[in-house]
Every structure is written in C-alpha cells, then in structure tokens.
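Down below is the structure, laid out as structure tokens.
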Amino acid sequence: MRLFDSHCHLDFPEFDPDRAALLAECRLRGIAGFIIPTIGASNWRRVMALAASEPELFFALGVHPCFVADQPEDVMAQLETLAAERPAGLVAIGECGLDGRSHLVQEGQLALFEAQVRLAMEMDLPLIVHSVRANDDVLKILRRNKPARGGVIHAFSGSLHQAERFWQLGFKLGIGGTITYERANKTREAVAAMPLESLLLETDSPDMPLSGAQGQRNSPLSLLKVLDELASIKRLPVEHVARVLCESTCHSFHLNK
Ligand SMILES: [Zn+2]
C-alpha cells in the first residue's frame with residue numbers, strides 16, 4: 001500500500017524535534033509521499049530547502065488567505081519570479097483561497113486568490129485551494145477563470161451540491177480529519193455520495209487533529225485513520241480506496257509513482 005499526504009505542513013516548528021524520525025515511521029507504514037503547501041513569502045525558501053532534502057517531499061508555492069496582511073507589497077511579483085524558475089519538486093500553486101473567518105475577504109484575499117489562479121494557469125500547475133466558509137465565493141472565482149489543470153479543495157467541508165460543482169470544475173476534494181467527527185454530517189454525506197476518483201487524502205498536520213485527539217499535534221501518520229474512516233463511509237475495501245487515491249494524487253500533481 002502506498003499513500004500520499006496531499007497537504008501537510010512538515011516545515012512548521014511543531015515538527016522540529018522529530019521530523020526525520022516521523023518521516024522514517026511514515027515510510028514504514030506506506031506513506032510514501034508528501035505535498036507541503038506554503039503560506040507566504042516567509043516560508044517559501046524554508047519549504048523548498050526541506051523538500052530538496054528528501055525525494056518524497058514535494059511542495060506548492062502560494063499565499064494563504066489568512067496571511068495576506070503579512071506579505072510584502074510585491075508578493076505576487078516575487079511569487080511569479082520564484083515559480084518561473086520551476087524549482088525541482090514544485091507541483092502546485094498554493095495554498096491560496098478565501099477564509100470567511102478572516103476580516104480580509106473583501107480586501108486583499110479576493111485579488112490575491114484570483115492572481116494565484118491566473119499564475120497556476122500560466123504555469124500549467126494545479127491549485128491547492130483553502131476554502132473556509134467561502135465555498136460559493138471560491139466557486140465564483142474558479143468558474144470565472146476555469147483553470148485547466150484544476151487542483152484540490154483542501155480540507156473540503158461543505159454540501160454535496162458544492163462538492164459536485166468543484167468536481168465539475170476539475171477540482172478534487174481533500175479529505176482529512178473532518179470526516180472522523182460525527183457532527184460533520186453534511187461533509188460525510190457529500191463524501192459518501194461523491195465518486196472515489198474525486199477525493200484525495202490529506203492531514204493538514206500539524207493542524208486538524210482527528211476526533212478524539214483534539215488539542216494534540218496532528219501528524220501524517222493519521223492518514224491511515226482517515227483512510228480507514230473513508231473506506232468505511234464508502235463501504236469499500238481499504239486497499240482499493242488506497243490504490244485509487246494514490247493514483248488520483250499522482251495524476252493530479254504529476255508525481256512519479
Ligand atoms: Zn494547510
């Protein structure tokens with residue numbers, strides 16, 4: 001069995017004490033690849049250096065909507081220049097998107113998200129999209145631009161209707177710890193009804209701990225529990241789900257299997 005964590009922040013300081021040991025344990029358990037999204041100009045170089053240290057680490061370059069206010073004025077120009085160098089291991093633009101919990105939605109977030117959608121289109125790269133309480137606005141921007149390579153709506157949370165619309169636009173749904181919570185009924189129902197090919201596995205670690213582990217550091221090892229939960233929601237054998245999702249991840253991000 002080979003699994004990919006399509007979204008984990010392995011560069012965050014929470015992993016400083018045991019990063020190498022954690023990656024070694026992941027390898028033993030069949031977690032064979034990781035995509036590390038960036039959050040802004042402050043961590044692009046750090047993530048690139050980390051990804052260069054291990055062959056199973058890939059990364060995305062982008063500006064996270066919650067960190068829009070912390071960016072230098074010419075952040076898009078810097079991002080374009082860096083992405084144009086096509087550094088080895090770059091597989092997507094992101095994470096970018098909209099976060100309805102933040103006050104910045106009307107201001108910087110919308111413009112910066114749309115600029116990153118356009119950059120992904122120019123670069124022929126998929127997008128890693130952060131959409132929190134903003135699915136309808138994210139859909140609007142994606143529909144307006146129709147990025148050909150699509151991408152993933154990371155940590156998808158929403159209705160079946162929204163899930164279908166993202167999928168129609170060429171976007172997969174990132175499935176992580178959310179589905180382990182009983183109260184996430186709407187999302188679990190959407191996941192149950194969507195085709196397996198429309199889903200990708202992720203942990204968003206160190207954030208988004210699974211049900212029962214609230215307050216603890218999340219790690220890519222929890223991918224195995226997310227996989228079990230997903231297989232049980234879909235009523236399919238774990239090995240089958242693992243194989244389809246591994247193929248989808250490789251296909252979406254052009255990873256070598
Ligand atoms: Zn993230």
Side-chain angles (χ1 to χ4, degrees), residues 3-16 19 22-23 26 31 33-48 50-51 57-71 75 79 89-102 104-105 108-109 112-113 116-117 120 125-135 138 142 150-158 166 171-181 184 187 199-210 213-214 216-223 226 245 249 252-253:
L3 297 172
F4 281 87
D5 190 343
S6 67
H7 194 117
C8 53
H9 297 279
L10 281 175
D11 63 304
F12 281 14
E14 285 89 336
F15 293 112
D16 285 349
R19 188 175 289 108
L22 184 61
L23 283 173
C26 284
I31 304 166
F34 309 83
I35 298 175
I36 310 171
T38 50
I39 58 170
S42 62
N43 82 333
W44 293 338
R45 299 278 172 188
R46 188 169 71 227
V47 167
M48 286 168 68
L50 175 62
L57 301 181
F58 303 90
F59 65 95
L61 291 173
V63 179
H64 188 297
C66 295
F67 300 96
V68 165
D70 307 331
Q71 303 307 313
V75 67
L79 179 58
L90 174 65
V91 295
I93 297 298
E95 60 182 290
C96 56
L98 302 175
D99 193 313
R101 297 169 300 183
S102 153
L104 297 160
V105 172
Q109 279 196 22
L112 210 47
F113 177 38
Q116 291 178 87
V117 171
L125 286 169
L127 283 150
I128 294 177
V129 177
H130 172 109
S131 177
V132 173
R133 295 192 200 159
N135 282 343
V138 167
L142 296 179
V152 59
I153 306 301
H154 126 74
F156 172 75
S157 171
F166 283 127
F171 281 78
K172 293 181 178 162
L173 311 171
I175 304 302
T178 304
I179 62 165
T180 65
Y181 290 84
T187 303
L199 311 176
L200 296 181
L201 285 180
E202 63 162 72
T203 62
D204 201 18
S205 49
D207 301 325
M208 294 193 61
L210 307 194
Q214 290 95 322
Q216 295 172 34
R217 180 188 78 169
N218 192 14
S219 98
L221 289 169
S222 66
L223 207 64
V226 176
L245 268 56
T249 311
S252 286
F253 298 102

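Residues: numbered from 1 along the sequence shown. Ligands are counted one by one from 1 in listed order, and the atoms in each one are counted from 1 as well. Values below: every heavy atom of this structure, side chains too, minus hydrogens, waters and symmetry copies.
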Between S252 and G151 (side chain of the first, backbone of the second, donor and acceptor by atom type, cut-off under 3.5 Å), is there such a pair? no
Could you pull out all residues at least two apart from R217 that satisfy salt bridge (charged side-chain N to carboxylate O under 4.0 Å, His left out)? D18
Donor-acceptor pair, distance only, cut-off 3.5 Å: does the side chain of Q109 make one with the backbone of V68? no
Go through the structure and list residues passing salt bridge (charged side-chain N to carboxylate O under 4.0 Å, His left out) with D204, not counting sequence neighbours. none
The number of protein N, O or S atoms lying under 2.8 Å from the Zn ion (ligand 1) is 4
Contacts of type side-chain hydrogen bond (donor to acceptor under 3.5 Å, both in side chains), residue S131, not counting sequence neighbours: N135
Can any side-chain N or O of E202 pair as donor or acceptor with the backbone N or O of A155 at less than 3.5 Å? yes
